[in-house]
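Below is one structure. I have some questions about it.
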Protein chains: 2
Amino acid sequence: MPGARDLPHPDAATLVLTDVLFALSDPSRLALVRRLAQGPLEVAACQPTGGEVPKSTLSHHLRTLREAGVVRNVPEGRQRYVSLRREDLDDRFPGLLDAVLGGNGE
Amino acid sequence: MPGARDLPHPDAATLVLTDVLFALSDPSRLALVRRLAQGPLEVAACQPTGGEVPKSTLSHHLRTLREAGVVRNVPEGRQRYVSLRREDLDDRFPGLLDAVLGGNGE
DNA sequence: CTGATCGTTCAACTATTATGGAACTATGCC
DNA sequence: GGCATAGTTCCATAATAGTTGAACGATCAG
């Protein structure tokens, strides 16, 4: 089975609120989630605008978001696409994402 | 001015979203916030139901919530009342508190 | 004033999280 | 196959957060 590059993702039904809140409580992760709200990005494009961050650091943040169930990370050819799990989050925690994405605060 | 036992509270307008999310991302703090949604409590009543926690530990959690702007802590005679800053939070982050208090997740 | 009570702050320790270099895996191109 | 690319994982280190006993401050009762 060659294409076994899939990473584990929690089921929508089992998402834990405190884990989601924690994942979103970091400014750089929150900024990324806001960008992902406008559409999927490949991992390289998840770099904070302007500054460069080591790949391992970025990967760690993506992992935190993924394990909390905030983003999905799927291989696509040689790269990976990161996308917001908007429907899953809306299903399980209605209104939360909208509130977090809504204009205010950093 | 004798009754100067007031603790510092951030202004409603300056609340930082990531700080609020972080304060809510701890299960015991979130559980407390849910209880506070039903009305103010004195500090001693903020103990987790069942287990006893040292006063200093409880005080530390209250501080995290207070400094994020989630709760207000006001002296009242010999004790203190802890209350949810619901209006301030709703003003600044509309829908957030409702989403977090809403049934789902732990 | 003395003592008791309520709760915060301080200081020390532990545990969790963040960071980043190096090694590794998988894919695609030649 | 050989090599470059994309990104994760591993490991070590630094930084941050949680936990707790003890000291402290304020208030109230007698």
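All chains are named by letter (A, B, ...) in the order of the sequence lines, taking the proteins before the strands, and each is independently numbered beginning at 1.
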Send over the distance from A/Glu76 CD to C/dA26 P, rounded to a whole Å.
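Rounded to the whole Å, the gap is 18 Å.
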query = At under 4.0 Å, does any side-chain N or O of A/Thr57 touch on OP1 or OP2 of C/dG20?
reply =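 A/Thr57 to C/dG20 OP1/OP2: side-chain N or O found under 4.0 Å.
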Checklist entry - Are any non-hydrogen side-chain atoms of A/Leu41 and A/Tyr81 less than 4.5 angstrom apart? => result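 The answer is no, as the side chains (C-beta and beyond) never meet within the 4.5 Å cut-off.
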Fill in: Minimum side-chain heavy-atom gap B/Asp26-A/Thr18 below 4.5 Å
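Result no, sub-4.5 Å side-chain heavy-atom pair not found.
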Counting primed atoms, P, OP1 and OP2 as sugar-phosphate and everything else as base, the B/S/- map of nucleotides 6-17 of chain C against protein heavy atoms under 4.0 Å is SBBB-------S
| message | Through direct or indirect side-chain contacts below 4.5 angstrom among Ile, Leu, Val, Met, Phe, Trp and Tyr, which residues connect to A/Leu7? | response |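 Members other than A/Leu7 - counting any ILVMFWY side chain reachable under 4.5 Å - there are none.
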Worksheet entry | Check: A/Ser25 side chain, A/Phe22 main-chain N or O, donor-acceptor pair, under 3.5 Å |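 Judged by distance alone, yes, a pair lies under 3.5 Å.
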Taking all heavy atoms of A/Val53 and all of A/Pro48, pick out the closest pair and write down the distance.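 Looking at all heavy atoms of both residues, the shortest contact is CG2-CG, 3.8 Å.
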Subject >> B/Glu67 CD - D/dT16 P separation (whole Å) >> reply: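 My rounded result for the distance is 15 Å.
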I need the CD-P distance between B/Gln47 and D/dT19, as an integer number of Å.
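In whole Å, D/dT19 P and B/Gln47 CD are 12 Å from each other.
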Quiz item: Should B/Asn73 and B/Arg80 be marked as a side chain to side chain donor-acceptor pair (under 3.5 Å) after you check the CA-CA gap, both sets of side-chain angles, and the distance that decides it?
Solution: CA-CA 6 Å; B/Asn73 183 334; B/Arg80 286 166 172 285; 3.2 Å; yes
